Amino acid sequence: MNPVWFRNRENIMLKRHSLILIAAVIGLFTLTARADYQPKAERVTDNVYAIVGPLGQRSADNDGLNANFGFIVTPKGVILIDSGASRLGAERIAAAIAQVTDKPVTWVVNTGSQDHRWLGNDYFAGKGAEVIALARTAATQAEYAGQHLDGMKRFLGERMQGTKPLPAPKTLAGDSVTLDLGGETLTLTYTDAHFPGDAWVWLPRRDVMFSGDLVFVDRLLGVLPWSSVKHSRKAFHAMAALKPAHIVPGHGRVCDLAQAQRETGDYYDFLADKVGGAAKEMEPLTATLDRYQDMPQFAHLYNYEDLHRPNMSRAFTEYESQ
Ligand SMILES: [Zn+2]
């Protein structure tokens, strides 16, 4: 046998083996990376828990759970606030609840119509939970279902498989409804803030506010094409008047009212008073955005660089048209 030929062949085989090995390691790494984020429950007070999601974007890694969820353990079962963005996300929320209690999720209450608030409803309904929302929230869920499902497929790919949009089957008429579930009192109030259909859940006996996407801390809130700065500001003031001791915000860590005021309330006031004020005075858009480009009191918030200017621009448009 020609030794040169043999050596070359051996080299090729070696290379092939190492390539296979590298591919296997990458494959394994990808799989484990996807399972990296595991939601974990933290106690807010008494029997009330929060699950605080990561601040970044929806991803296969976090199964779209880049938002906050919460639950209340009652003698008659668990009340879950919001159900996650997919079937797999809902399963991960269920696993986080199971770390705290073996009681079943008896009720799911939705605070909104955006993907991560409700696309896990079908999973919990399949386990016997009653899914509840304000009628206006459920209507918006149905309206945006297709769009949000498509959006999530772009972020999560095949991990969206098995997700069926189920708008809350039990709907409550009116803008503010008080419910008694398992001995807990919950007031569900329409805010129509960050997204049409948004609501908060207030637990008066526990002094806990699940604000839904009305409050963002640690990261700058986003003003979306569907958001209303005017409604958000009004709703924030109404929430502050309740003086909640604990706020589980839509995004960011559990906080008190002072932090919510600094990182959300003050920003809405700024958008309405300064940017909205300039729009009402018919000042030019670009000059207004330039004038308020640097807002040091909000600059520490995650996403500030990306969102601050577009937020001002959308606020300007909203106030300009009034
Ligand atoms: Zn959100």
Side-chain angles (χ1 to χ4, degrees), residues 37 39 50-59 61-71 80-86 89-90 92-93 108-121 133-134 136-138 140-141 143-145 147-152 154-156 160 163 165 167-168 188-201 209-229 231-233 235-236 239 247-255 259-260 263-265 267-268 271 301-304 306-308 310-311 314:
Y37 172 66
I51 298 171
V52 175
L55 292 182
Q57 189 48 279
R58 298 155 178 82
S59 68
D61 177 32
N62 62 39
D63 277 324
L65 300 178
N66 65 331
N68 294 347
F69 310 92
F71 60 94
L80 172 64
I81 313 291
D82 296 332
S83 59
S86 67
R92 288 195 188 195
I93 291 175
V108 176
V109 179
N110 295 145
T111 69
S113 327
Q114 235 189 338
D115 46 30
H116 41 220
R117 300 282 158 225
W118 71 282
L119 286 176
N121 283 355
L134 291 176
R136 298 176 70 171
T137 307
T140 323
Q141 289 171 341
E143 188 185 335
Y144 286 93
Q147 189 184 324
H148 286 184
L149 209 57
D150 289 348
M152 288 306 296
R154 279 195 294 277
F155 284 117
L156 269 62
M160 278 304 280
T163 305
L188 195 52
T189 300
Y190 197 57
T191 62
D192 197 12
H194 176 67
F195 201 82
D198 276 358
W200 74 46
V201 173
M209 170 63 74
F210 288 94
S211 71
D213 282 335
L214 175 61
V215 177
F216 285 56
V217 298
D218 301 326
R219 55 159 287 189
L220 190 68
L221 62 91
V223 179
L224 306 176
W226 309 271
S227 306
S228 164
V229 170
H231 294 167
S232 301
R233 182 201 210 190
F236 191 94
M239 184 200 75
I247 298 175
V248 181
H251 298 265
R253 287 167 295 176
V254 177
C255 64
Q259 188 184 358
E263 300 185 2
T264 292
Y267 192 66
Y268 279 131
L271 289 175
L301 298 172
Y302 185 77
N303 281 342
Y304 172 84
D306 291 335
L307 296 183
H308 178 51
N311 282 350
R314 292 205 172 110

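All figures in this text were calculated on a predicted structure; none of them were measured in a lab. Counting convention: from 1, in listed order, for ligands and their atoms alike.
Of all the N, O or S atoms in His251, the one closest to the Zn ion (ligand 1) is NE2. If you look at Asp213 and ask which of its N, O or S atoms sits nearest the Zn ion (ligand 1), the answer is OD2.
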### Query
Is there a side-chain hydrogen bond (donor to acceptor under 3.5 Å, both in side chains) between Thr111 and Asp82 once you walk through the steps?
CA-CA 6 Å; Thr111 69; Asp82 296 332; 2.8 Å; yes
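The Zn ion (ligand 1) has no N, O or S atom of His194 closer than 2.8 Å.
Taking the six-membered ring for Trp and the full ring otherwise, the centers of His194 and His251 sit at least 6.0 Å from each other.
Using cut-offs of 30° and 60° for the angle between ring planes, the Phe195 and His148 rings count as tilted.
Heavy atoms from other residues, nucleotides or ligands lying under 6.0 Å from CZ of Arg253 number 12 at most.
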